[in-house]
Trainee: 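Please find one structure pasted underneath; my questions will follow.
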Amino acid sequence: MSAVVQAIRGMNDLLPDDTSMWQQVEKVLRETVQAYGYQEMRMPIVEKTNLFSRAIGEVTDVVEKEMYSFIDRSGDDLSLRPEGTAGCVRACIEHNLIVNQEQRLWYMGPMFRHERPQKGRYRQFHQMGVEVFGLEGPDVDAEIIAMSHSIFKKLGIADDLQLQINTLGNSQERALYREKLVKYLEEHFEELDEDSKRRTHTNPLRVLDSKDENVQRLLVNAPKLSECLGAETTAHFSRLLQMLSALGIKYVINEKLVRGLDYYNLTVFEWVTTALGAQGTVCGGGRYDTLVELLGGKPTKAVGFGLGLERLMLLLTTLNKISIRPHVDVYVVGSGENIDLKMLQLADNLREQLPQYRIMTHCGGGNFKKQFKKADRLGAKVAVILGENEIANHTVTLKDLLNQDAPQQECPETQVVAMLNMLLKDK
RNA sequence: GUGGCUAUAGUUCAGUUGGUAGAGCACUGGAUUGUGAUUCCAGGUGUCAAGGGUUCGAGCCCCUUUAGCCACCCCA
C-alpha cells in the first residue's frame, strides 16, 4: 500500500497466478508456429529511433508521440521497440537471411508505447509476431491467417473473434485513391470533426475508420478504394478469399479497414472481439511488400501479423477459457525425529528419477493435518508420506489425493518410483 | 495527449448532515499429537492510495499528486 515505490504506469507485474496462465497460452503459440515450420527470431528490445520512423511512418501516432526514445551515453538516438516488424526486417537484412531465399519467422516479447493506459492497452505490452519473407502469393497470406485461426481454435475462442479483411492495393492504386478521397473530404471539410480534418492531410485513409457518426454518414457517398484497384490486386484478394473459404475460415470484408502503420499494402486483416470494449483488436496484420527495400534491403515481398498477448489473456479470462493450473504434482510430507533431512533426500531422489513431475517438499514442520491441507491447497495429486513407521520399515506411503476413497499404499523404498509413476500416469 | 468516473483488509464491498473502521469470501490457529471435506470455536491481518488544507475532531469536505477504469485518440 505504501506509495514509496511503484511500478511504472502502464507496466504490469505478472504474478504467479498470471504466469501460470501465460505459460499455457505461450505453449499453444509455440506449438502452433512450430507446427507450421516457422522459426524463432529474438531481436533486441532497443533499436535506433530512425529504424522505426522509417518503417512505421513519420506521421503515425506511434512514431510521433508514443515512442520511448532517449539519447544514450554515446549520443545515439535510441527507442524501445513499439512493434516487432521493423526490428525483424532489420535483422534479416543485416544477416542476409532474405537474399534469394524465403523465411518464415516468429517472435514473442515486450513492446513499448507511451499511450494512456486502459484495460487491454498498456505501455509495456507483449506481442507474438509472425513474418514471412520472399513469398508474394495469396497462399502465404492464407497460411498466416489460418495459423492465427488455429491458435484461436486451440484456445477455444475462434467463435468469439471475427476476422475482418480488406485489400489496400499497391502504392499506385492507393495514391490514386488517396487523391480522390482527399478531394472529396476537402469538398466537405467543414462537416468533418477535428480529428478527421487533421487526418485529411496527414493520413487521409484513417478518416475511413473514424468513429464520428457524421463522418461515417458522409463517407457513404465517398469514393471507394475498391473502385481504384486493378486486376492484379483484385485477383490476389479474391484468390485469398477463396482459400479462406476452402479452409473453413469465416471472414467479413471491411472496406474501411486501413490499419495505422504506413507499411501495409494489399492484404490487411484484423481479428476483433466485442468483449473487450474499445480495445477489441486482438490480432492484426497484413502484407508489407515495400518495407524491406525501404529499410535498405533487396526488394522482398513480406507478410505478417502481430498478436496482442494481454488482449488475448483478457479475452480468455473474460470468457472463462483458461484457469490457473496447480504447479505441484507430488507433495512430500513427514513427521518424526530428523525427518526433514530424510524428506529432502527422498524428494531429490524422486526428482532425479521422475524428472517429468513437479515434486515439492513440505518445509516448516507441523502436524500431518497441516501438511495434508497444504498439499491439497497446492493441488498436488499424490502425497508421499514419511513417518516413524515408514522409517522403521524402510518404506514410504503413497496417498492418492484426487481420490478420497482410494486406500493409501505403504511400499518398500525400492518400489516408490514405480508405484508413484503408476499413480501419476493417468492424472 | 483530451474529457469523465473511481481509490477502505489478501479479495469483493458496506461505512448515516464529519465523532479515530465493518461484513462475506479468503487466510491463520484450535476442536482432531498419523491424514485433505463439512461443522464448530477463536483471530482483523488496515498508514482508509500519498501529501497538504479546513475543523475541537476527517474514511467522509477542499487542494495537489499517484494509480486504476470508461470514452476519445491510437493500436496489439
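Not measured: the values here are computed from a predicted model.
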Trainee: So, are E190(A) and K197(A) salt-bridged, with charged N and O less than 4.0 Å apart?
Mentor: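 Salt bridge: yes.
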Trainee: Just checking K374(A): does its NZ atom have more than 12 heavy atoms from other residues, nucleotides or ligands closer to it than 6.0 angstrom?
Mentor: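 No - once you tally the heavy atoms of other residues, nucleotides and ligands closer than 6.0 Å, there are 12 at most.
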Trainee: With C1' as the reference atom in both, quote the distance from C62(B) to U54(B) in angstrom, rounded to an integer.
Mentor: 7 Å
Trainee: Please report the distance, rounded to the nearest Å, between CZ in R377(A) and C1' in U28(B).
Mentor: 10 Å
Trainee: Roughly how many Å apart are U39(B) and C61(B), using the C1' atom of each and rounding to a whole number?
Mentor: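 Between the two C1' atoms, the distance is 47 Å.
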Trainee: Ignoring hydrogens and geometry beyond distance, is the side chain of K369(A) in donor-acceptor contact with the base of U35(B) at under 3.5 Å?
Mentor: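 Under the 3.5 Å cut-off, the side chain and the base do not form any donor-acceptor pair.
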Trainee: Any N or O donor-acceptor pair under 3.5 Å from the base of C73(B) to the side chain of R199(A)?
Mentor: no
Trainee: Does any N or O donor sit under 3.5 Å from an N or O acceptor when you compare the side chain of Q371(A) with the base of U35(B)?
Mentor: no
Trainee: Considering the options E179(A), E187(A), E186(A), which one meets the salt bridge (charged side-chain N to carboxylate O under 4.0 Å, His left out) requirement together with K183(A)?
Mentor: E187(A)
Trainee: Indicate, yes or no, whether a donor-acceptor pair under 3.5 Å links the base of G68(B) to the side chain of R116(A).
Mentor: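 Such a pair does not exist between side chain and base.
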Trainee: Could you work out the separation of A9(B) and C72(B) based on their C1' atoms and round it to a whole Å?
Mentor: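 To the nearest whole Å, 36 Å.
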Trainee: Has the side chain of E115(A) got a donor or acceptor atom sitting under 3.5 Å from an opposite partner on the base of A76(B)?
Mentor: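 Between A76(B) and E115(A), which were checked side chain against base, a qualifying N/O pair under 3.5 Å is present.
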